[in-house]
Amino acid sequence: MLFHVKMTVKLPVDMDPAKAAKLKADEKELAQRLQREGKWRHLWRIAGHYANYSVFDLASVEELHDTLMQLPLFPYMEIEVNGLCRHPSSIHQDDR
Ligand SMILES: O=C(O)CC1=CCC(=O)O1
């Protein structure tokens with residue numbers, strides 16, 4: 001199942017810079033592992049915002065929920081999710 005996810009990061013302005021740097025490094029490590037596993041298909045910065053558009057390929061809504069909740073930045077993100085399905089006019093044979 002494909003999910004389009006918008007993540008907006010809202011770190012507290014007074015957060016300890018070392019804590020923020022650790023959260024970002026941990027987030028990057030997990031995000032890159034999930035990309036290597038084929039679960040986090042796309043990760044795009046939204047120009048001009050501390051936010052991203054992502055596409056996840058996961059087995060279920062429950063797996064998406066669990067994946068998002070384990071992100072180190074989860075407590076500091078606003079997240080919007082939309083499920084994706086094939087468009088009847090798409091010329092692509094698969095969902096990639
Ligand atoms: O910077 C972001 O948009 C949040 C984020 C998601 C994966 C990552 O490494 O950072």
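As the structure lists them, so they are numbered: ligands from 1, and atoms in each ligand from 1.
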Pick, from Glu27, Arg45, Met77, the option with the minimum heavy-atom distance to atom 2 (C) of ligand 1.
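Shortest heavy-atom distance from atom 2 (C) of ligand 1: Arg45.
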Below 4.0 angstrom from a heavy atom of Val9, which ligand 1 atoms are there? Numbered from 1 as shown, please.
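What qualifies from ligand 1 is 2 (C), 4 (C).
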At a 4.0 Å threshold, what atoms of ligand 1 neighbour a non-hydrogen atom of Ala31?
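So the answer, numbered in order with elements, is 7 (C), 9 (O).
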Are there more than 12 heavy atoms of other residues, nucleotides or ligands under 6.0 Å from atom CD of Gln32?
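Yes.
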Please write down residue, atom name and distance for the protein heavy atom closest to atom 9 (O) of ligand 1.
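Result: Lys28 CA, 3.5 Å.
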Can you check whether Tyr50 has an N/O within less than 3.5 Å of an N/O in ligand 1?
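Between Tyr50 and ligand 1 (N or O atoms, distance only) the closest approach is not under 3.5 Å.
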Should Lys39 and Thr67 count as side-chain neighbours, where that means a heavy-atom distance under 4.5 Å?
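Of all side-chain heavy-atom pairs linking Thr67 with Lys39, none is under 4.5 Å.
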Show, in sequence, the C-alpha distance, side-chain angles and deciding distance for Val9 and Lys24, and conclude whether the side-chain contact (heavy atoms from CB on, under 4.5 Å) test is met.
CA-CA 10 Å; Val9 184; Lys24 291 177 192 178; over 6 Å; no
Reference residue Phe56; test side chain to side chain contact (heavy atoms under 4.5 Å, CB included); the match among Leu84, Leu68, Leu2, Val81:
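Answer after filtering Leu84, Leu68, Leu2, Val81: Leu68.
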Verify whether the ring centers belonging to Tyr53 and His42 lie closer than 6.0 Å.
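Not under 6.0 Å, so no.
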Does only the side chain of Trp40 get under 4.0 Å from ligand 1, or the backbone, or both, or neither? Count heavy atoms.
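It is the side chain that touches ligand 1; the backbone stays farther off.
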Step-by-step side-chain contact (heavy atoms from CB on, under 4.5 Å) determination, Lys6 to Ile46
CA-CA 9 Å; Lys6 179 182 182 185; Ile46 303 174; 3.9 Å; yes
Relative to the heavy atoms of Asn52, which atoms of ligand 1 are at a distance of less than 4.0 Å?
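Listed by number with element: 2 (C), 3 (O), 4 (C), 5 (C), 6 (C).
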